[in-house]
Protein chains: 2
Amino acid sequence: MEKKLEIFSHFEECPVRKVLNRCGDKWSVLILLVLGEVDNMRFNKLHKTIGDISQKMLTVTLRTLEADGLIKRTVFPEIPPRVEYEITERGKSLLVHINNLVDWAEENMEAIMESRVKFES
Amino acid sequence: MEKKLEIFSHFEECPVRKVLNRCGDKWSVLILLVLGEVDNMRFNKLHKTIGDISQKMLTVTLRTLEADGLIKRTVFPEIPPRVEYEITERGKSLLVHINNLVDWAEENMEAIMESRVKFES
DNA sequence: AATATTAGTTACTTGAAAGTAAGTATCTCA
DNA sequence: TGAGATACTTACTTTCAAGTAACTAATATT
């Protein structure tokens, strides 16, 4: 008899993957990191802070983060328009784990790069 | 005077991103989760266990995980060939954080799905 | 002599994600 | 009068990650 793995109880029809896919892409992570360091930030400031993101991707990523309740979007009905983004409690609770991953990456980066070079040869 | 954000000390030329990009994709995560639950596993067993991965992607993903020193590949010079894969200590130390993320996703999944539905309307 | 097994490789194709660039609305300021 | 600011949207194009399917080597098995 083969021992069955329990992993697919997590991944069957992938509800977890649905969540992780959205949290795992580079723009979402970057935006959460930025918004985790300030009270709030406006669209253009985010655009300038991140630098190499297109307006379109910034809009799209902000929308999905908002849809997941990880950030909050507040529109001030002024002209020119003002929209402020801030991280939510849920976003902060995710950010803890993301920061752990970033820390792990920083700690292990050098060794990993060495491994990669060694592997080439 | 504007306060400068420290985030780009991490992301400047993206050494962390280089690491996270490789660790963050769905196949790498799945393979690490599987290999984290067993002593070792052979190629075809991995293929059957994961199910919906192609041979090519399994090979490619195993190679990058090996290059990063997250898994170890052992070839037994037999015919037909036998190749065993096992997770390394470095891989295990990453897996801890991945599991934290999976746990977070499971805990928050329901609330996130509700948010998404609410957001549609 | 043909088929199965194992762990791949190779060449080709597809699809989704992301980039580019221009347009939009509304008011202010020079 | 027309340029600038703001937060987008839209249409089009490009890129590349991933999928598909066939092929390989060496031996054992039927």
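All heavy atoms count here, side chains included; hydrogens, waters and symmetry mates do not. Within every chain, numbering begins at 1; the chains are lettered A, B, ... in the order of the sequence lines, protein sequences first and strands thereafter.
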Engineer: What does the list of N/O pairs under 3.5 Å between the protein and nucleotides 18-24 of chain C look like, with a distance for each?
Structural biologist:
residue: C/dA18; atom: N7; partner: A/K56; partner atom: NZ; Å: 3.4
residue: C/dG19; atom: N7; partner: A/K56; partner atom: NZ; Å: 3.2
residue: C/dG19; atom: O6; partner: A/K56; partner atom: NZ; Å: 2.5

Engineer: Does B/V75 have any side chain to side chain contact (heavy atoms under 4.5 Å, CB included) partners at least two apart in sequence or in another chain, and if so, which?
Structural biologist: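 For B/V75, the residues satisfying side chain to side chain contact (heavy atoms under 4.5 Å, CB included) (neighbours in sequence not counted) are B/R73, B/V83.
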
Engineer: Roughly, in whole Å, what's the span from CG in A/N44 to C1' in D/dA5?
Structural biologist: 8 Å

Engineer: Does A/R82 place a side-chain N or O at less than 4.0 Å from the phosphate oxygens OP1/OP2 of D/dC8?
Structural biologist: no

Engineer: Rounded to whole angstroms, how far apart are CG on B/L58 and P on D/dA17?
Structural biologist: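 It works out to 18 Å between those atoms.
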
Engineer: What I'd like to find out is whether the side chain of B/L46 reaches to under 4.5 Å of the side chain of B/L35, using heavy atoms alone.
Structural biologist: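 Yes. Closest side-chain heavy atoms under 4.5 Å.
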
Engineer: Could you list all N or O pairs between the protein and nucleotides 26-28 of chain D that sit under 3.5 Å apart?
Structural biologist:
none

Engineer: Report the residues that fulfil side chain to side chain contact (heavy atoms under 4.5 Å, CB included) with B/E89, sequence neighbours left out, ordered by chain and then residue number.
Structural biologist: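 Partners of B/E89 under the side chain to side chain contact (heavy atoms under 4.5 Å, CB included) test: B/K92.
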
Engineer: What residues, two or more places apart in sequence or in another chain, satisfy side chain to side chain contact (heavy atoms under 4.5 Å, CB included) together with A/S115?
Structural biologist: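 Checked A/S115 against side chain to side chain contact (heavy atoms under 4.5 Å, CB included); matches are B/R90.
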
Engineer: Residues two or more places apart in sequence or in another chain: which of them pass salt bridge (Lys or Arg N to Asp or Glu O under 4.0 Å) with B/E66?
Structural biologist: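 In terms of salt bridge (Lys or Arg N to Asp or Glu O under 4.0 Å), with neighbours along the sequence ignored, B/E66 is linked to no residue.
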
Engineer: Mind jotting down which residue pairs meet the salt bridge (charged side-chain N to carboxylate O under 4.0 Å, His left out) criterion with at least one end in residues 112-121 of chain A? Sequence neighbours excluded, please.
Structural biologist: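 Listed once each, the pairs are A/R116-B/D68.
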
Engineer: Compare side-chain N and O positions of B/R42 against OP1 and OP2 of C/dT6 and report whether any pair is under 4.0 Å apart.
Structural biologist: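 Checking B/R42 against C/dT6: no side-chain N or O falls below 4.0 Å of OP1 or OP2.
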
Engineer: Is the phosphate of C/dA7 approached by B/R73 (side-chain N or O, under 4.0 Å from OP1 or OP2)?
Structural biologist: no

Engineer: With sequence neighbours excluded, tell me which residues meet salt bridge (Lys or Arg N to Asp or Glu O under 4.0 Å) with A/E86.
Structural biologist: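 By the salt bridge (Lys or Arg N to Asp or Glu O under 4.0 Å) rule, A/E86 matches A/K72.
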
Engineer: How would you list, by chain and number, every residue that makes a side chain to side chain donor-acceptor pair (under 3.5 Å) with A/E84, sequence neighbours excluded?
Structural biologist: A/R82

Engineer: Can you tell me the distance, in whole Å, between the CD1 atom of A/I50 and the P atom of D/dA7?
Structural biologist: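 Atom CD1 in A/I50 sits about 14 Å away from atom P in D/dA7.
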
Engineer: Would you say that more than 12 heavy atoms from the other residues, nucleotides or ligands in this model lie under 6.0 Å from the CD of A/E110, or not?
Structural biologist: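 Open.
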
Engineer: Answer yes or no: is there a donor N or O on one side and an acceptor on the other, between the side chain of A/H47 and the main chain of A/I53, under 3.5 Å?
Structural biologist: yes

Engineer: Output the rounded distance in Å from CD1 (B/I71) to P (C/dA7).
Structural biologist: 14 Å

Engineer: Let me know the distance between CG of B/L62 and P of C/dT6, rounded to the nearest Å.
Structural biologist: 16 Å

Engineer: For the helix from C/dA1-D/dT30 to C/dA30-D/dT1, what angle separates the axis at the start from the axis at the finish, each from five pairs, in steps of 10°?
Structural biologist: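 End axes: 30° apart.
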
Engineer: Over how many whole Å does the gap from B/F76 atom CZ to C/dG8 atom C1' extend?
Structural biologist: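 My rounded result for the distance is 17 Å.
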
Engineer: Between A/E66 (CD) and D/dA7 (C1'), how many Å, whole number?
Structural biologist: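 Roughly 13 Å, once rounded to whole Å.
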
Engineer: Please report the distance, rounded to the nearest Å, between NE2 in B/H47 and P in D/dG19.
Structural biologist: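 Value for this atom pair: 10 Å.
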
Engineer: Pairs of donor and acceptor atoms involving the side chains of residues 55-64 of chain B, under 3.5 Å and at least two apart or interchain, shall be tabulated with distances.
Structural biologist:
residue: B/T59; atom: OG1; partner: B/Q55; partner atom: O; Å: 2.9
residue: B/T61; atom: OG1; partner: B/M57; partner atom: O; Å: 2.6
residue: B/T64; atom: OG1; partner: B/T61; partner atom: O; Å: 3.0

